[in-house]
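Each chain gets a letter, A, B and so on, in the order the sequences are listed, and its residues count up from 1.
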Number of protein chains: 2
Amino acid sequence: MTETRWLTDREQRAWRGYVQMQSKLNALLNHQLQVDSQMSLSDFVVLVVLTDTAEEKLRVSELAAALEWEKSRVSHQVTRMERRGLVQRVECPTDGRSAFVNLTPCGRAAIEAAAPQHVETVRRVFIDQLTADELQALESITTKVLERLDAEC
Amino acid sequence: MTETRWLTDREQRAWRGYVQMQSKLNALLNHQLQVDSQMSLSDFVVLVVLTDTAEEKLRVSELAAALEWEKSRVSHQVTRMERRGLVQRVECPTDGRSAFVNLTPCGRAAIEAAAPQHVETVRRVFIDQLTADELQALESITTKVLERLDAEC
DNA sequence: CAGGTTTAGTTGACACGTCACCTAAAGCGT
DNA sequence: ACGCTTTAGGTGACGTGTCAACTAAACCTG
């Protein structure tokens with residue numbers, strides 16, 4: 001095993017900044033949604049995916065693929081959202097193993113009410129703080145890192 | 001209430017990229033630490049803070065301040081880490097309310113073993129993917145967003 | 001079509017985070 | 001010394017995320 005290449009000061013600043021930012025940003029977005037719309041960030045992203053489909057319903061596996069979540073995570077999340085009335089499980093007539101997740105009217109109303117405030121928050125604390133160059137750099141960074149991450153797994 | 005300012009395509013790409021990156025990065029770092037060093041990312045950062053202090057012990061409140069975590073989060077985390085033998089609670093002789101969190105020899109050994117692999121992973125999937133300009137942009141972004149976030153709360 | 005394999009999804013155990021609430025010691029003004 | 005407030009920390013409930021194990025339907029393949 002070779003010598004560890006510790007982070008330089010510049011790298012350290014960028015990395016620690018990133019870690020702190022992502023942790024606080026996550027906490028804030030969760031909190032904002034909970035307070036303003038009584039839903040979690042997880043609820044929100046699931047509702048976004050469901051809303052973006054023509055039928056407003058997806059199989060659990062399709063939902064998992066779209067979110068890149070483990071199927072068991074989806075299953076747990078759907079159970080909780082069903083309890084809150086946001087979605088409904090429906091058996092698939094053609095495949096006995098499969099289950100559809102349907103958006104309920106209540107779920108549709110919830111996402112429509114939540115989305116504007118959520119976007120507003122994302123803008124206020126993040127997007128609107130960045131210059132055009134920084135936005136471009138961010139896209140470049142995330143693209144490269146995501147490529148690397150996808151290659152890892 | 002005024003019209004919602006939805007994200008433009010460029011903003012959307014950057015934001016979605018960021019969200020996806022942070023989610024996968026988090027999962028990977030947690031997983032890597034768990035597999036290689038049998039500890040969570042939370043364990044790791046707590047151990048880092050403890051290791052960085054002269055006495056290798058801190059009050060719960062000092063730990064909370066250093067990590068910017070809620071005190072109850074620290075308390076739960078310390079309970080779990082105590083169970084794993086990484087730290088030990090010690091009553092404070094001068095203030096009956098207060099409690100010290102001491103690094104144990106086992107905790108010190110664990111962090112020393114974990115740190116090189118963790119840094120290696122951070123480099124491989126993140127830092128080493130970035131150009132100098134991107135690193136600079138990232139620092140600038142996180143600084144501004146953190147300022148905004150700190151102003152919010 | 002019988003028997004093994006793959007696929008879809010669920011479940012349970014456990015770790016992590018947050019919130020609201022609680023206990024007890026310290027501090028403080030009278 | 002007396003109460004009142006502040007401060008330090010812990011607790012329990014609940015939502016969330018991961019992992020491993022499970023059930024059952026669907027799909028082979030001989």
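Listed nucleotides: dG17(C), dA25(C), dT11(C). Nearest to the side chain of Asp95(B): dA25(C). Nearest to the side-chain atoms of Ser98(A) among the listed nucleotides dT6(D), dA8(C), dA15(C) stands dA8(C). Of all nucleotides listed (dT16(D), dC19(C), dT10(C)), dT10(C) comes nearest to the side chain of Val60(A).
The phosphate of dT16(D) (OP1 or OP2) has a side-chain N or O of Arg84(A) nearer than 4.0 angstrom. Checking the phosphate oxygens (OP1, OP2) of dG10(D), no side-chain nitrogen or oxygen of Thr79(B) falls inside 4.0 Å. Regarding contacts with the backbone of dT11(D), every side-chain N or O of Ser72(B) stays at 4.0 angstrom or more from both OP1 and OP2. Between Ser40(A) and dT16(D) there is a side-chain polar atom (N or O) within less than 4.0 angstrom of OP1 or OP2. Contact annotation: His31(B) reaches the phosphate of dC19(D) (side-chain N/O to OP1 or OP2, under 4.0 Å). Remark: Arg89(A) is in phosphate contact with dT10(C), judged by side-chain N or O atoms under 4.0 Å from OP1 or OP2. Neither OP1 nor OP2 of dG9(D) sits under 4.0 Å from any side-chain N or O of Arg59(B). Between dT7(C) and Ser61(A), no contact under 4.0 Å exists linking OP1 or OP2 to a side-chain N or O.
Remark: the His76(A) side chain and the dG9(C) base include no donor-acceptor N/O pair separated by less than 3.5 Å. The base of dT18(D) lies outside donor-acceptor range of the side chain of Arg73(A), with no N or O pair under 3.5 Å.
As judged by a 4.0 angstrom heavy-atom cut-off over every strand, Ser75(A) is placed among the base-contacting residues.
Nearest approach of Thr4(B) to Pro116(A), heavy atoms of both residues: OG1-CB, 3.2 Å. Here the closest heavy-atom approach between residue Glu134(B) and residue Ser140(A) is recorded as OE2-OG, 2.5 Å.
Remark: P of dT16(D) and CG of Leu29(A) are 15 Å apart, rounded to the nearest angstrom. Atom-to-atom, NZ of Lys71(A) to P of dA20(D) comes out at 12 Å; the value is rounded to the nearest Å. Leu67(B) has its CG atom 10 Å from the P atom of dG17(C), to the nearest Å.
Glu11(B) is listed as a side-chain neighbour of Arg123(A), based on a closest heavy-atom distance under 4.5 Å. Side-chain contact between Leu28(B) and Phe126(B): absent, with no pair of heavy atoms (C-beta onward) separated by less than 4.5 Å.
Using a 4.0 Å cut-off between charged side-chain N and carboxylate O, Lys24(B) and Asp150(A) make a salt bridge.
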